[in-house]
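Remember, predicted model here, so these are calculated numbers, not experimental data. Only heavy atoms go into these numbers, but all of them, side chains included; no hydrogens, no water, no symmetry mates.
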Amino acid sequence: AGVPPGALGAARVDKLKLGVEDGLWGVETAPLAYWFGYESPADNVELYRHVADRLARGVAARLATDPKANSAGLVVNTSNYVDGAGVDLLKHVAAGFGIDTILVLGHDRLYQDLRAAVPDAIAVANLPRSGGATPRDAAYKRRARHAKVRDYFYGPGAWAALAGADASSTSTSTGATGGDETTPNDGRTIKADRDGDGPSGDLLAGVVPFAGGTRLPPSPLEG
């Protein structure tokens, strides 16, 4: 839903755009996300608690300005960390977001632990797993995480993945066409003359990196 890997996030979604096969693609506004940076809440319990509190306050502030979303309620999907401090974290998240119903999927021990941990005002229900559902092993979860990180930075299917090519500096030259006569030295892109023979729009923001080798001679474009 547009939330960076390693972050806790929330987004306003349209229920008509939620699908079992396509997943969550009905995000209507930019998600609200806060960086956590660990694989599991167990790696830094106090930081997870702090980030969850910050997200809960941010969600409450957004709901205060969106009556329609506020009346629709919240669905909070928590992590599968249920050992050690896991139950206390679930209780903490439920309190922070004002949760009134907790659904446990096929985990009898967690169901009993939560019933004993949360106030009576919070309903706790134990639901059976869907037929054919199987637990995912650690290797599968690791591959899924790596795929999500790659999709976030390079797009689905890595369509924006960087490509590299080696070339001798003595057989190549670089330059710029169009735009002003001088090149700014603050990293801005030179704008080509759209009416002339400048590069296409796809190349206007092109970057040519150099690695290794000897230092290139000063470019005539540096003035």
Answer with yes or no whether the hydrophobic clustering places [X] together with [Y]; edges join I, L, V, M, F, W, Y residues whose side-chain heavy atoms lie under 4.5 Å apart.
{"X": "L105", "Y": "V76", "value": "no"}
{"X": "L127", "Y": "V87", "value": "no"}
{"X": "Y38", "Y": "V82", "value": "yes"}

From [atom1] ([X]) to [atom2] ([Y]), nearest 0.5 Å:
{"X": "Y81", "Y": "D83", "atom1": "OH", "atom2": "CG", "result": "7.0 Å"}
{"X": "R12", "Y": "K68", "atom1": "CZ", "atom2": "NZ", "result": "5.5 Å"}
{"X": "I102", "Y": "K91", "atom1": "CD1", "atom2": "NZ", "result": "10.5 Å"}

So which heavy atom on [X] is nearest to which on [Y], and how close?
{"X": "Y48", "Y": "L89", "answer": "CD2-CD1, 3.9 Å"}
{"X": "L63", "Y": "N70", "answer": "O-CB, 3.5 Å"}
{"X": "I122", "Y": "T101", "answer": "CG2-N, 4.3 Å"}
{"X": "F36", "Y": "L8", "answer": "CB-CD1, 3.6 Å"}
{"X": "T78", "Y": "V93", "answer": "CG2-CG1, 4.4 Å"}
{"X": "L110", "Y": "H107", "answer": "N-ND1, 3.1 Å"}

I'd like to know whether [atom1] of [X] has more than 12 heavy-atom contacts from other residues, nucleotides or ligands below 6.0 angstrom.
{"X": "R145", "atom1": "CZ", "answer": "yes"}
{"X": "Q112", "atom1": "CD", "answer": "yes"}
{"X": "R49", "atom1": "CZ", "answer": "yes"}
{"X": "K141", "atom1": "NZ", "answer": "yes"}
{"X": "D137", "atom1": "CG", "answer": "yes"}

With a 4.5 Å cut-off on side-chain heavy atoms, are V118 and I99 touching?
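No, side chains not in contact.
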Should D66 and R62 count as an ion pair when the cut-off is N to O under 4.0 Å?
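Salt bridge: no.
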Checking D53 side chain against H50 main chain: does a donor-acceptor pair fall under 3.5 Å?
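Side chain of D53 to backbone of H50: no pair is present.
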All side chain to side chain contact (heavy atoms under 4.5 Å, CB included) counterparts of A95, not counting sequence neighbours
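Side chain to side chain contact (heavy atoms under 4.5 Å, CB included) list for A95, sorted by chain: empty.
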